[in-house]
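For reference, the structure is listed below as structure tokens.
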Amino acid sequence: MAFYLLSFHGALVGFTGQRLHPLCPTMGTSRTTAPVALDMQHNTLTPGGAFARAQPLGTAAHTRPLVALRAGNAYLSSRSPTQFDVVPLCATWEHFLLIPPESADLLRTLLRSTWHDGQTFVGQPTCTGHELRLGPHTWPVEQLQAEIRADTLTLWTHAAPRRVTLRVCPSRTLENLIENVTELLEIGAFRHALSPWATVDDVREQVLKLSITPSAIAPCIGLAQHCCQFGQGELGAQFAAYAQSFVQIADLVWLQALIALRLHDHDRAADLLALALRERYPRHDFSDTLPALLTRLRQGEDALLLIPDMLYEHDLPGFDERFDTLLVPMRLAASNGPDIRQIYAMLFENAYQRLNTTKDLRLLETEARLNGLSWWTETAMGHTSWLAGLMAEADAHYAIARRLALQEGAMPAPDNTGIFSWLGAQECRQLASRAVPDRTGVSRWEWQFGTAEVPPALCLVFACDSAHFHLLPGLILSLLQAYRQDRSFGPVQLCIGVANPNAEQLAFLRTIADWLELYATSLRLSFGHGPAAEQDTALEPALRYLILPDIVARFRCPVLTGDCAGYFPANTATLLRTLKNTASYGFDLPLFDQNGRQHSGTPWSIGTDTAYFGEPERLPAIAAFMNDYLNTVYTPRSRAHTAMDRCALAQMLRHFILPRWNELSIRLLNKGPDILVMPAGSVATSTVLVSQADVLHDLAVHTPRRPAKLPPPNA
């Protein structure tokens, strides 16, 4: 029987052109290159037997079938893994293991591939010291027994009978998947993605990674998503299932549930959802909410969209957010309830905000193709048109979005509630040509104007309702303290409007006004009050603009409007003087550049904490415009008009400021020091830092004392 000779470094003894050399077991043979074989019966080498002889090493110390190749006093040595040498002694490097041809074939099979041991990738085996090593396993090469079935190889030895089953990597399953996705790339099936999240290059990148490292699971997950996004959901499901066979985590089950949903296999999506929740939260009880969601899902609703909110309500972390890209855009089931449509709209709005203009268009085109006309698509189209300078188109989209949202009873995300309060350019031009009824009731308020010998240099305008009156003491006290430090700015008129005040609140304002008139030289308080049409928190932010007509009719000077939650810094006089001397107007425009161009956001993406109007001669027209605007869009007890103050300010900016931007000096109040400092949200809305009593105490401390009466001369 013939045996091959295996070197210490795992190479066969090869023969090419009268030359002995290491031959890797994975290399093929030819007429010129072949492994040297030893005929045990005749102890002859073929080829190479003319100048070398095999010397058995079977001693008590060497029970393995080892031989040395010798010619005279010279021994063939495999000290180097890449070439043979001749040495005068016979030690470890000069020992060659005899293996039958079938063992050489097994080595070739093992060394040609990389392998998985169960779910663990163990890579490519190595053969050194006449032993095969793979992961934690080591086998003597001559003892290896094997059984090959399809993609699996089972190894054992008689001395170690425990069988180890390996799976080749890439498996035939993975090779077929790669072949399928490659074929789709070749025929151009990935030309148009059904979402903005994937491109053809994204698919190519994942295929390239997988072709180089077929053991990697991440490219399989990426291809599962991308195939689904390109409308190849079945192939995506196969990639996800393949990844799940190696990495059994709940997130991958959730991914498969999302793919099943996109394939409109709602029953399978329900089964996978239940499995994902059970594996991710094994100790949590969802019996109060999950059964109803699963029922809706099996009945054809896209109830999977409700799961993130359900997890949030249970105070649990959600699934991998990367997979959310499979939810938007997606063809919605006709049977979906309003809650599912509302959640989908919110996801769409979030997706739109994350993308750039090019991807925005892909998102809008795909969403319109999948689900037709919707308020969320029209809103996003309006934003895209607005930023492209297509104002008329934007106005039309917002009008359609408003109509559809009102019909559906939907509520957009806070950034998009402006659709309910947005008047197009044509509607704005018509405001001055007709009488606008006072829906808010602010024009009927009663005013108490302070008297002053010198006209004010500036009006500071604030307004609130009685529920937020607790913010005013801090504002007033900060202004008093700032003006005690520096009165150099000149006379200032503080104007405050309060909706539905109580007697105590009015008494507080009268006390402040009277004290300032008696003891202050440069600060006066005027205040107005009265009922609003409704006790409506949505109206409150607009009150400061609704009281402007009364104020500008009384005082002809620049105006600074602000939020009652703010407070004035110590250097207020310097800040106001700089603002008045250097700016025609000042607005909080974080999404605008110095040239007045908006680069992102919505038309009503404008800050309202402070605004400065420095042209008194134009203020009556501006005040009338904003008053008419707000009374036109306002509907009592409507929760939809939460952004009407920003819409009114934005359209005022568009009609009165932007056409003259280059002629004016515009201060971007979002840059530089704050004229009005705004505290954190929780402090601004609830915590009372300064009370009415604190302000009255401050006034008492700073009230000039009457001089003591002098005693009579004869006393």
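Every value quoted in this text rests on a predicted model; they were computed, and no experiment measured them. Numbers here simply count residues along the sequence, with the first being 1.
Remark: Glu175 CD to Asn180 CG distance equals 12.0 Å, nearest 0.5 Å. Of the inter-residue distances, the one linking Arg167 atom CZ with Leu153 atom CG reads 13.5 Å to the nearest 0.5 angstrom. With rounding to the nearest 0.5 angstrom, the CG atom of Leu653 is 4.0 Å from the CG atom of Leu658. Interatomic distance, CD of Glu234 versus SG of Cys228, reported as 9.5 Å (0.5 Å rounding). Expressed to the nearest 0.5 Å, how far OG1 of Thr602 lies from CG of Asn416 amounts to 7.0 Å. Atom CG of Leu591 and atom CZ of Arg597 lie 14.5 Å apart (nearest 0.5 Å).
Contact check on Asp271 versus Arg298 returns a salt bridge, with a Lys/Arg side-chain nitrogen under 4.0 Å from an Asp/Glu carboxylate oxygen.
A donor-acceptor pair is defined here as one N or O able to donate and one able to accept, closer than 3.5 Å; such a pair exists between the side chain of Ser211 and the backbone of Leu208. At distances below 3.5 Å, not a single donor-acceptor pair connects side-chain atoms of Glu349 with backbone N or O atoms of Pro412. Proximity of a side-chain donor or acceptor of Asn670 to a complementary backbone N or O of Asp588 within less than 3.5 Å is not detected. In this structure, Gln342 contributes its side chain and Met411 its backbone to a donor-acceptor pair below 3.5 Å. Proximity of a side-chain donor or acceptor of Asn371 to a complementary backbone N or O of Met330 within less than 3.5 Å is detected. Using modelled atom types, one side-chain atom of Thr417 and one backbone atom of Pro414 make a donor-acceptor pair closer than 3.5 Å. In this structure, Asn336 contributes its side chain and Arg341 its backbone to no donor-acceptor pair below 3.5 Å. Between the Glu427 side chain and the Gly424 main chain, a donor and an acceptor come within less than 3.5 Å of each other. Checked by atom type and distance alone, the side chain of Arg262 pairs as donor or acceptor with a backbone atom of Leu326 at under 3.5 Å.
The shortest non-hydrogen separation linking Ser335 to Gly300 is OG-O, 3.3 Å. When all heavy atoms of Cys647 and Gly418 are compared, the closest pair comes out as SG-O, 3.5 Å. Minimum heavy-atom separation, Ser385 to His397: OG-CD2, 3.7 Å. Nearest heavy atoms, Leu630 versus Met644: CD2-O, 3.5 Å. What you find for Phe286 and Pro291 is that their closest heavy atoms are O-CD, 3.5 Å. The two atoms that bring Asp151 and Ser171 nearest to each other are OD2-CB, 3.4 Å, heavy atoms only.
Among residues at least two apart or in separate chains, salt bridge (Lys or Arg N to Asp or Glu O under 4.0 Å) pairs with a member in residues 242-261 are Asp251-Arg280. For residues 217-240, the ring-ring contact (aromatic ring centres under 6.0 Å, His included) pairs, not counting sequence neighbours, are Phe190-Phe230. Annotation: salt bridge (Lys or Arg N to Asp or Glu O under 4.0 Å) contacts involving residues 382-403, sequence neighbours excluded, comprise Asp395-Arg654. Sorted by first and then second residue, the ring-ring contact (aromatic ring centres under 6.0 Å, His included) pairs with a member in residues 321-347 read Tyr344-Trp376; sequence neighbours excluded. For residues 307-336, the set of pairs meeting the salt bridge (Lys or Arg N to Asp or Glu O under 4.0 Å) definition, not counting sequence neighbours, comprises Asp320-Arg322. A salt bridge (Lys or Arg N to Asp or Glu O under 4.0 Å) check over residues 218-229, counting only residues at least two apart or in different chains, returns nothing.
Ring geometry for His314 versus His284: interplanar angle over 60°, hence perpendicular rather than tilted (30 to 60°).
Checked against salt bridge (charged side-chain N to carboxylate O under 4.0 Å, His left out), Glu205 has the following partners two or more places apart in sequence or in another chain: Lys209. The salt bridge (charged side-chain N to carboxylate O under 4.0 Å, His left out) search around Asp265 returns none, not counting sequence neighbours. With sequence neighbours left out, Arg429 forms a salt bridge (charged side-chain N to carboxylate O under 4.0 Å, His left out) with no residue at all. Judged as a side chain to side chain donor-acceptor pair (under 3.5 Å), and not counting sequence neighbours, Trp661 has no contacts. Annotation: salt bridge (charged side-chain N to carboxylate O under 4.0 Å, His left out) contacts of Asp201 (sequence neighbours excluded): Arg204.
Residue Gln407 places its CD atom among more than 12 non-hydrogen atoms of other residues, nucleotides or ligands, all under 6.0 Å distant. Heavy-atom contacts from other residues, nucleotides or ligands closer than 6.0 Å to CE of Met391 number more than 12.
Taking the side chain as every heavy atom from C-beta outward, Leu294 and Leu273 approach each other to under 4.5 Å. Side chains of Thr384 and Tyr352 form a contact here, defined as non-hydrogen atoms less than 4.5 Å apart. A heavy-atom distance below 4.5 Å is found between the side chains of Leu155 and Leu110. Counting heavy atoms from C-beta outward, Ile259 and Leu272 have side chains that stay 4.5 Å or more apart. Residues Tyr629 and Cys428 meet the side-chain proximity criterion, which asks for heavy atoms closer than 4.5 Å. A heavy-atom distance below 4.5 Å is found between the side chains of Gln594 and Lys671.
Each of Trp604, Trp386, Trp375 was evaluated against Tyr398; a single residue qualifies, Trp604, per the ring-ring contact (aromatic ring centres under 6.0 Å, His included) test.
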**Asked** Can you list the steps and then say if Thr325 with Gln229 is a side-chain hydrogen bond (donor to acceptor under 3.5 Å, both in side chains)?
**Response** CA-CA 8 Å; Thr325 58; Gln229 289 160 347; 3.1 Å; yes

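In this model, no donor atom of one side chain and acceptor atom of the other lie less than 3.5 Å apart for Asn176 and Thr173.
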List the atom pairs, donor and acceptor, that lie under 3.5 Å between side-chain atoms in residues 119-128 and the rest of the protein, sequence neighbours left out.
| from | atom 1 | to | atom 2 | distance (Å) |
| --- | --- | --- | --- | --- |
| Gln119 | NE2 | Ser245 | O | 3.4 |
| Gln124 | NE2 | Leu111 | O | 2.3 |
| Thr128 | OG1 | Arg133 | NH1 | 2.8 |

